[in-house]
Structure formats: C-alpha cells, structure tokens
Amino acid sequence: MACEDSKKEKFATRIINQRFNKKDVHGAISMPVYRSAAFEFADADSIAAAFQYKEEIASHTYTRITNPSVENLERKIKAASSAENVQMVASGMAAISNTFLAIAYAGANIVTSPHLFGNTFSFFKFTLAAFGVEVRFVNTDNIEEVASAIDDNTCAFFCELITNPHLEIADLPEISKLLKSRGVPMIVDTTIVPWCGFDAREAGVDLEVVSTTKYVSGGATSIGGAILDYGTFDWKNNKRLNDVAKTDSMSQFTFKLKREIARNLGAAIDPEVAYLQSLGMESLQVRFERMSESAYKLAQFLERQEQVVKVGYTKLSSSPYKAVSDKLFTGNPGAMLTFSLKDKAACYSFMNQLQIIRRATNLFDNKTLIIHPESTIYGTFSKEMKQVMGIEDNLLRLSVGLEDIEDLQNDIKQALYSLK
Ligand SMILES: *Cc1c(COP(=O)(O)O)cnc(C)c1O
C-alpha cells in the first residue's frame with residue numbers, strides 16, 4: 001500500500017514543495033517562526049470577519065487558536081498524508097486526549113486493546129473513567145471479540161498501529177469492514193510508522209493520532225502531536241456530534257475539535273516547535289528509511305546471537321504478524337524492535353555495558369536508544385496491571401537511529417559478550 005499512487009508528486013517532493021498560505025513579505029524560503037501571541041488587523045470590520053471565518057484565506061488572530069508557523073506544519077502533514085484536516089497540538093498525549101474529549105460522553109465506551117502506550121492506557125482507564133466513559137479491552141486479533149464488545153454507545157474503536165512493546169498488529173482492513181457495518185469510527189495511533197510507510201486511508205482509518213515528538217520532530221528536538229481527519233466517517237450517530245454543524249470544509253469532528261475542544265483545552269503547539277518539526281517533515285522519508293533498514297538488519301543480527309532468547313520485529317518470519325505487516329507497510333515496519341535476554345539482571349547488565357547506544361526513553365531519535373520497559377515506562381503500574389498489559393521483565397526495547405550499522409552491531413556484541 002503506497003501513498004504515492006494517488007497524487008501527482010512523490011512523497012518527499014510534496015512536503016518540500018508545499019508553499020505557504022500567504023506569500024512572505026521578504027520571500028523567506030523557510031516559514032519563519034511567528035513568535036507572537038496575537039495578530040493585528042487594519043480595521044474593525046476585518047477583525048470581525050476573521051473571528052467569523054468570513055475571509056477568503058483565513059488569517060490568524062491568537063496563537064492558542066492558530067499561528068502561521070503551526071499552519072505551515074499542518075499543511076506539510078496534509079501533503080504527506082491524504083487527510084482532509086490536520087490539527088497540531090502540544091504532544092502526542094494532547095492529540096489523544098483532545099480527540100477523545102471531542103467524541104466521548106458519559107455513558108459512552110471505547111473498544112481497544114489493553115496493549116497501549118502507558119499514558120494512553122492510564123488516560124482511558126483513569127482519566128476518562130472519572131467522566132463516565134468506559135473502556136472495553138479486547139484482543140484485537142479476535143474479530144468476534146471486537147464485534148461483541150461494540151454496542152450503541154461505542155464512540156470509537158482505538159488501537160496502535162504496532163503495539164509497543166508487544167509488536168502486535170491489528171488487521172485494520174478486516175476490522176474496518178466490521179466497524180463500517182456497525183457505524184463505529186476507527187481511530188489509530190500511527191506514531192510507529194509515518195505516512196511514507198503506511199497509508200491510513202487505504203487501511204480504513206477514520207482519524208489518526210500521532211506523536212510528532214518521534215519521527216516528525218527530526219531527531220527528538222521537541223514535543224508535539226497531530227490529529228488527522230480523513231473525512232471518511234459519518235458522525236451523525238455519535239450522540240455528542242450529531243447536532244454539530246457540518247461544513248463543506250470540515251467534518252463535524254474537526255469542526256468540534258477546532259472550534260471548541262482544542263482551544264478550550266489550550267494544548268497549543270509552540271510556533272518554535274512547529275518550525276523545528278516542519279524541518280523534520282522535510283527529511284522524514286530519508287531518516288525513516290535508513291533507520292528502518294538498520295532496524296531490520298539489527299533484528300536479523302540479534303536472532304543469530306546465542307544470548308538472545310527472542311527478537312521482536314514484525315518483518316521477521318518468526319513474527320506471527322508478518323503477513324499483516326507485509327500487507328500494511330510499504331517497506332520495513334519502522335525503527336523499533338524488541339529482544340529478550342535470560343532475565344531482568346541480564347537486561348540491566350547488558351544495558352550498563354553499552355558504549356554507543358544510549359539508555360533513554362523515547363523513540364525514533366537520530367541516536368539509538370535502549371530501555372527496559374518493565375522497570376521504567378510501566379514502573380509505576382501494579383503487578384496485576386503489568387500482567388493485564390502483558391509486560392515482561394526480561395524484555396528490552398531498542399529504537400534504532402542513524403549511526404553506522406556496523407558500530408551498532410559491535411556495541412551490542414561487546415555488551416552481550418560481557419554477559420558470559
Ligand atoms: C510517545 C508516544 C505517545 C505520546 O506522545 P507524547 O508526544 O510523548 O505525548 C503516544 N503514542 C505512542 C505510540 C507513542 O510512542
């Protein structure tokens with residue numbers, strides 16, 4: 001599934017060739033950072049028109065609502081995907097919370113996998129629960145289980161494109177058929193594989209949430225999030241959105257999100273960050289392809305090491321998700337892999353021995369990062385919760401960066417050797 005086919009220019013060209021909404025007075029070739037809280041108008045009529053969205057080309061009034069540098073990043077992401085609308089926010093978690101605060105209501109439920117990013121799990125299970133929203137955990141490999149969890153108050157099916165650190169992939173095109181027949185939107189967190197490697201629209205995704213902190217930021221420069229609306233879902237059955245106006249340019253969801261939720265929650269992305277992430281978008285494809293190629297090679301390399309018990313990467317023949325991975329992704333399935341050692345002590349000792357690979361949380365930095373998820377990301381969860389979430393204590397997660405593959409292999413080799 002390539003997102004190349006439907007549009008005239010290829011992926012990187014579409015992003016780099018994206019022009020500003022209005023011409024810069026100095027002809028700046030990169031969109032400058034508009035570090036201004038507010039924007040001035042020539043007269044009372046024009047400021048009134050701007051607030052009532054009556055201008056031909058919308059201008060900006062206040063940076064919590066919109067900002068030229070942020071808009072420029074939204075246009076680049078729109079060019080990269082085939083989304084009808086893109087809303088930038090301050091983080092990946094803001095993308096998830098803004099999305100669900102726009103569509104959920106007391107009495108509604110969300111059908112999802114328990115294998116979620118830690119804060120997403122906590123947001124569903126604790127934060128939203130306090131407002132009367134129920135989360136229903138299902139095994140997304142079992143379509144009957146998904147089907148039987150859905151009822152009239154299911155406001156969404158949600159999952160992550162490849163779960164972390166379990167590396168499971170839901171068969172989105174299959175689930176999409178079920179959701180379409182039941183009138184339920186499919187919302188997917190696609191942080192793990194960006195638009196050049198995965199076509200969300202073709203897979204049946206209605207709304208996409210992304211932590212742009214990861215690939216998009218261009219090397220872990222900043223925190224950000226994006227909400228993409230493909231305009232594919234009819235919101236009239238959603239009890240929260242059925243009386244929201246539908247416009248020619250926006251779905252009810254985007255209208256609610258842009259005009260109410262995003263500005264009320266106020267998690268606006270900073271213009272400086274939007275500038276950095278716009279640069280990140282321009283080099284996204286080359287970085288993604290290089291990192292993913294190294295990840296695949298490292299996964300194969302790790303499989304050959306005797307101290308390694310198990311390797312997780314969905315392109316490996318040993319992965320139960322290989323077929324669906326090959327179906328959904330254009331090239332390699334991203335730069336994250338996992339591997340298991342004998343026990344937790346071996347994981348710690350291996351990590352402490354590394355010279356090039358850094359011990360840090362985060363994904364898709366230019367630098368290769370390693371973490372022991374059980375003691376860190378999931379460290380504050382109870383034993384029972386870890387069991388529900390399937391977090392094992394002999395597992396390491398590696399996010400492969402842009403270093404030379406030989407140096408990475410040598411670093412891993414010497415650290416494994418020290419375990420003997
Ligand atoms: C990092 C991450 C998030 C959260 O993003 P932030 O930008 O840190 O808020 C959500 N989902 C996935 C899959 C992530 O990797």
Side-chain angles (χ1 to χ4, degrees), residues 70 73 77 86-101 110 112-125 127-128 135 140 156 158-170 172 187-195 197-198 200 205 207-228 262 265-270 272-274 276-277 280-281 284 288 291-292 295 312 314 328-329 333-338 360-365 367 369-371 373 376-378 380 389-391 397-401:
V70 174
L73 172 57
I77 293 180
V86 178
Q87 171 77 40
M88 288 308 301
V89 285
S91 67
M93 282 316 302
I96 292 165
S97 53
N98 273 265
T99 297
F100 282 94
L101 288 167
I110 299 161
T112 185
S113 161
H115 297 165
L116 294 170
F117 181 73
N119 290 115
T120 307
F121 184 91
S122 165
F123 173 69
F124 287 156
K125 182 109 181 111
T127 314
L128 274 186
V135 55
T140 54
F158 176 82
C159 70
E160 292 170 13
L161 190 50
I162 305 180
T163 68
N164 163 14
H166 318 82
L167 307 182
E168 298 154 337
I169 306 175
L172 301 180
I187 307 182
V188 181
D189 178 336
T190 63
T191 301
I192 203 109
V193 180
W195 306 282
F198 170 67
V205 176
L207 300 178
E208 191 179 7
V209 289
V210 182
S211 168
T212 58
T213 311
K214 312 294 164 53
Y215 285 115
V216 174
S217 73
T221 61
S222 50
I223 305 283
I227 303 163
L228 287 80
L265 296 180
I269 193 169
D270 188 90
E272 187 89 36
V273 170
L276 292 170
Q277 300 200 350
M281 281 300 292
L284 176 68
F288 173 73
M291 287 174 175
S292 313
T314 63
L328 290 181
F329 305 122
M336 189 186 83
L337 61 89
T338 62
T361 190
N362 203 16
L363 290 168
F364 319 134
D365 193 329
K367 300 165 184 78
L369 311 177
I370 193 161
I371 198 160
T376 55
I377 302 167
Y378 302 96
T380 60
M389 299 181 77
I391 303 300
R397 183 185 88 185
L398 197 68
S399 169
V400 182

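As the structure lists them, so they are numbered: ligands from 1, and atoms in each ligand from 1. FYI, side chains are in, hydrogens and waters are out, and symmetry mates aren't considered; it's all heavy atoms of this structure. Computed from a predicted structure; not experimentally measured.
- Residue, atom and distance of the protein heavy atom nearest to atom 9 (O) of ligand 1 are M93 N, 2.9 Å.
- Two residues are said to be in side-chain contact when any heavy atoms from C-beta on lie closer than 4.5 Å; I371 and P165 fail this criterion.
- Atoms of ligand 1 found under 4.0 Å from any heavy atom of G224, numbered from 1 in the order shown, are 7 (O).
- At the top of the distance list for atom 4 (C) of ligand 1, counting protein heavy atoms only, stands F117 CE2, 3.4 Å.
- Closest non-hydrogen pair, L328 versus F198, comes out as O-CD1, 3.6 Å.
- Ring geometry for F158 against F124 counts as perpendicular: the plane angle is over 60°, on a 0 to 90° scale with 30° as the lower cut.
- Under the 4.5 Å side-chain criterion, counting only non-hydrogen atoms from C-beta, L101 is in contact with L128.
- Atom 14 (C) of ligand 1 has K214 NZ, 3.0 Å as its closest protein atom, hydrogens excluded (heavy atom only).
- When all heavy atoms of L369 and T361 are compared, the pair lying nearest together is CD1-O, 3.3 Å.
- Polar contact check, I96 against ligand 1: no nitrogen or oxygen pair lies under 3.5 Å apart.
- Taking every heavy atom of G92 and a limit of under 4.0 angstrom, the matching atoms of ligand 1 come to 5 (O), 6 (P), 7 (O), 9 (O).
- Considering backbone and side-chain N/O of T120, none are found under 3.5 Å from N/O of ligand 1.
- Under 4.0 Å from ligand 1, the heavy atoms of L363 that appear belong solely to its side chain.
- Residue S211 has at least one nitrogen or oxygen atom sitting less than 3.5 Å from a nitrogen or oxygen atom of ligand 1, judged on distance alone.
- Side-chain atoms of E160 and S113 include no donor-acceptor pair closer than 3.5 Å.
- Checked against L161 for a side chain to side chain contact (heavy atoms under 4.5 Å, CB included), the options V205, V210, T190, D189 give a single hit: T190.
- Near D189, the atoms of ligand 1 lying under 4.0 angstrom from a non-hydrogen atom of the residue are 10 (C), 11 (N), 12 (C), 13 (C).
- Residue A94 places every heavy atom at 4.0 Å or more from ligand 1.
- Here the protein heavy atom with the shortest distance to atom 7 (O) of ligand 1 is T213 OG1, 2.6 Å.
- F100 places none of its side-chain heavy atoms less than 4.5 Å from the side chain of T127.
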